[in-house]
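A short write-up of the structure that comes next.
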Amino acid sequence: MAAEPQPQGLTRKPVLLGAVEESHDVVNMAAIVPKEDGVISVSEDRTVRVWLKRDSGQYWPSIYHAMPSPCSCMSFNPETRRLSIGLDNGTISEFILSEDYNKMSPVKSYQAHQSRVMMILFVLEMEWVLSTGQDKQFTWHCSESGQRLGGYRTNAGACGLQFDVETRHVFVGDHSGQVTILKLEPQSCSLVTTFKGHTGGVTALCWDPVQRILFSGSSDHSIIMWDIGGRKGTAIELQGHNDKVQSLSYVHHTRQLISCGGDGGIVVWNMDVERQETPEWLDSDSCQKCDQPFFWNFKQMWDSKKIGLRQHHCRKCGKAVCGKCSSKRSSIPLMGFEFEVRVCDSCHASITDEERAPTATFHNSKHNIVHVHFDATKGWLLTSGTDKVIKLWDMTPVVS
């Protein structure tokens, strides 16, 4: 009897659709215009632009609006066409875009922070505008009146910000590496908890409200998947970048995470697999494989008349080992290690080819990405970068 064919997976391979190259400075943030072949961008050159694709195939600005200060971030709500813009001087300015995206009308401006606005979110259900600033403040305002509803001081400036409408929990990731969860009420907030897993600052957050999972990207080149809904404290590491992780986006219907980094890499992670937590690194004064003393273990060095060795750790079992007992390298994708890492010799022998099968695909965008936006209706990915360029990619799944 013939073997039953195994179902093939769907992968997302970015195909470049086009680029917008007319900005005069870093494009800090941009978003795809739904139901239109267009893009909204805010830049360090103080401009807000709406780019629409013309018959020639090129993108031209239908709106070119100069702001009083460099534009650091934005939040666009397609239903109301409300555009909220954070500025370098701490101001938040709000506009309504016309149906044809050829005009933007000012609504209000207010001083939300004492310095640069790092991240902004407009929450339609609550009519709130949430923001973080370089002044180490998280604040939220009423979008109708512009009145400040409350604030919370973080450990450091924060550029990671996500909100869960159902529980009214806000997630704030700051440059100290800490993630803070707050419960918001109309006029107050309360601290739920804080947690820290990165060795560098948090650079991006992404929230999956269905699986109740929070993803955090960091300057330490890693991503951590925090299982908030499971209430077991599970944290899964993902290692796939050679530079800091700049932006994250989650595709709910295919359970794929898209991460972009300062290395120009676009990584598409398959999150529909059962991943494993990395083990805690064990402490020992001697190699847990051959019992050779480490260099600070003077007593054993003296007793055994042996030179102390440098300590390493196996990434699979967490044991403290010497270099001789951990001479091998291997990828361990289900533990998040897509690149080869140090493992002890016994763990190396136990890892099968199936366990080495990659769970992510890697693509070179050829520009230093600072922000990413995914439009699920089109299957398009937008990347903007320090090279002043916006790129549009077709991410339609293909059978692999």
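All figures in this text were calculated on a predicted structure; none of them were measured in a lab.
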Over 60° means perpendicular and under 30° means parallel, so classify the ring planes of His313 and Trp281, tilted if in between.
-> parallel

Gln162 (side chain) donor-acceptor with Trp207 (main chain) under 3.5 angstrom = yes

Take atom CG of Asp100 as the centre, draw a 6.0 Å sphere, and report whether it contains more than 12 heavy atoms from other residues, nucleotides or ligands.
-> yes

If only atom types and distance count, is the side chain of Ser219 paired as donor or acceptor with the main-chain N or O of Gly201 below 3.5 Å?
-> yes

Pairwise side-chain contact, Gln239 with Arg315, heavy-atom cut-off 4.5 Å (strictly under) | no

Using a 4.5 Å cut-off on heavy atoms from C-beta on, say whether the side chain of Val267 contacts that of Phe362.
-> yes

Going by heavy atoms in the side chains, are Thr154 and Thr132 under 4.5 Å from each other?
-> no

Go through the steps for Tyr110 and Glu94 under the test side chain to side chain donor-acceptor pair (under 3.5 Å), then give the verdict.
-> CA-CA 9 Å; Tyr110 43 90; Glu94 300 197 67; 3.0 Å; yes

Only counting residues at least two apart or in another chain, list the ones meeting ring pair (Phe, Tyr, Trp, His ring centres under 6.0 Å) with Tyr152.
-> none

Backbone N/O of Thr199 and side chain of Asp220: donor-acceptor pair under 3.5 Å = yes

Examine distances only and state if a side-chain atom of Ser69 and a backbone atom of Asn89 form a donor-acceptor pair shorter than 3.5 Å.
-> yes

So the salt bridge (charged side-chain N to carboxylate O under 4.0 Å, His left out) pairs with at least one residue in residues 115-140 (sequence neighbours excluded) are Glu44-Arg116, Asp88-Arg116

Give the C-alpha distance, both sets of side-chain angles, the deciding distance and a yes or no for side-chain contact (heavy atoms from CB on, under 4.5 Å) between Trp140 and Leu121.
-> CA-CA 9 Å; Trp140 74 103; Leu121 279 179; over 6 Å; no

In this structure, are over 12 heavy atoms from other groups packed under 6.0 Å from Gln111 atom CD?
-> yes

Are the side chains of Asp387 and Asn368 in touch, meaning some heavy atoms are under 4.5 Å apart?
-> no

Can you tell if the side chain of Cys290 reaches within under 4.5 Å of the side chain of Lys324, non-hydrogen atoms only?
-> no

Heavy-atom neighbours of Lys108 NZ exceed 12 at 6.0 Å | yes

Hey, are Asp208 and His252 close enough side-chain-wise for a donor-acceptor pair under 3.5 Å?
-> yes

Does the distance from a Lys or Arg side-chain N to an Asp or Glu carboxylate O, for Asp45 and Arg49, drop under 4.0 Å?
-> yes

Quick one: do Asn28 and Ser72 satisfy side chain to side chain donor-acceptor pair (under 3.5 Å)? Show the steps, please.
-> CA-CA 6 Å; Asn28 286 316; Ser72 53; over 6 Å; no

Quick one: does Met395's side chain get under 4.5 Å of His363's, heavy atoms only?
-> no

Check whether any side-chain heavy atom of Ser41 lies under 4.5 Å from a side-chain heavy atom of Ser384, and answer yes or no.
-> no

Pair Thr139-Ser131, side chain to side chain donor-acceptor pair (under 3.5 Å): steps then yes or no | CA-CA 5 Å; Thr139 66; Ser131 63; 3.0 Å; yes

Minimum heavy-atom separation for Phe339 to Gly240, with atom names?
-> CZ-O, 3.2 Å

Atom pair NE2/CG of His371 and Leu248 - distance to nearest 0.5 Å | 11.0 Å

Using atom types as modelled and distance alone, determine if a side-chain donor or acceptor of Lys378 lies under 3.5 Å from a backbone N or O of Glu36.
-> yes

Contacts of Thr383 that satisfy side-chain hydrogen bond (donor to acceptor under 3.5 Å, both in side chains) - sequence neighbours left out = His367, Trp393

Check: Ser286 side chain, Phe294 main-chain N or O, donor-acceptor pair, under 3.5 Å = no

Scan the side chains in residues 330-338 for donor-acceptor partners under 3.5 Å anywhere in the protein, sequence neighbours excluded, and list what turns up.
| unit_1 | atom_1 | unit_2 | atom_2 | d |
| --- | --- | --- | --- | --- |
| Ser330 | OG | Arg356 | NE | 2.9 |
| Glu338 | OE2 | Thr359 | N | 3.1 |
| Glu338 | OE2 | Thr359 | OG1 | 2.6 |

Show the numbers, then the answer: is there a side-chain contact (heavy atoms from CB on, under 4.5 Å) between Lys391 and Leu16?
-> CA-CA 7 Å; Lys391 292 186 178 181; Leu16 186 63; 3.9 Å; yes

Only pairs at least two apart or in different chains count here, so list each salt bridge (charged side-chain N to carboxylate O under 4.0 Å, His left out) that has a residue in residues 167-187.
-> Arg168-Glu185

Side-chain contact, heavy-atom cut-off 4.5 Å: Ile181 with Ile228?
-> yes

Over all heavy atoms of both residues, which pair between Lys289 and Cys325 is shortest? Give the atoms and the distance, please.
-> CB-SG, 3.8 Å

For the residue pair Cys322 and His312, what are the closest heavy atoms and their distance?
-> C-CD2, 3.9 Å

Using ring pair (Phe, Tyr, Trp, His ring centres under 6.0 Å) as the criterion, list what pairs up with His348, not counting sequence neighbours.
-> none

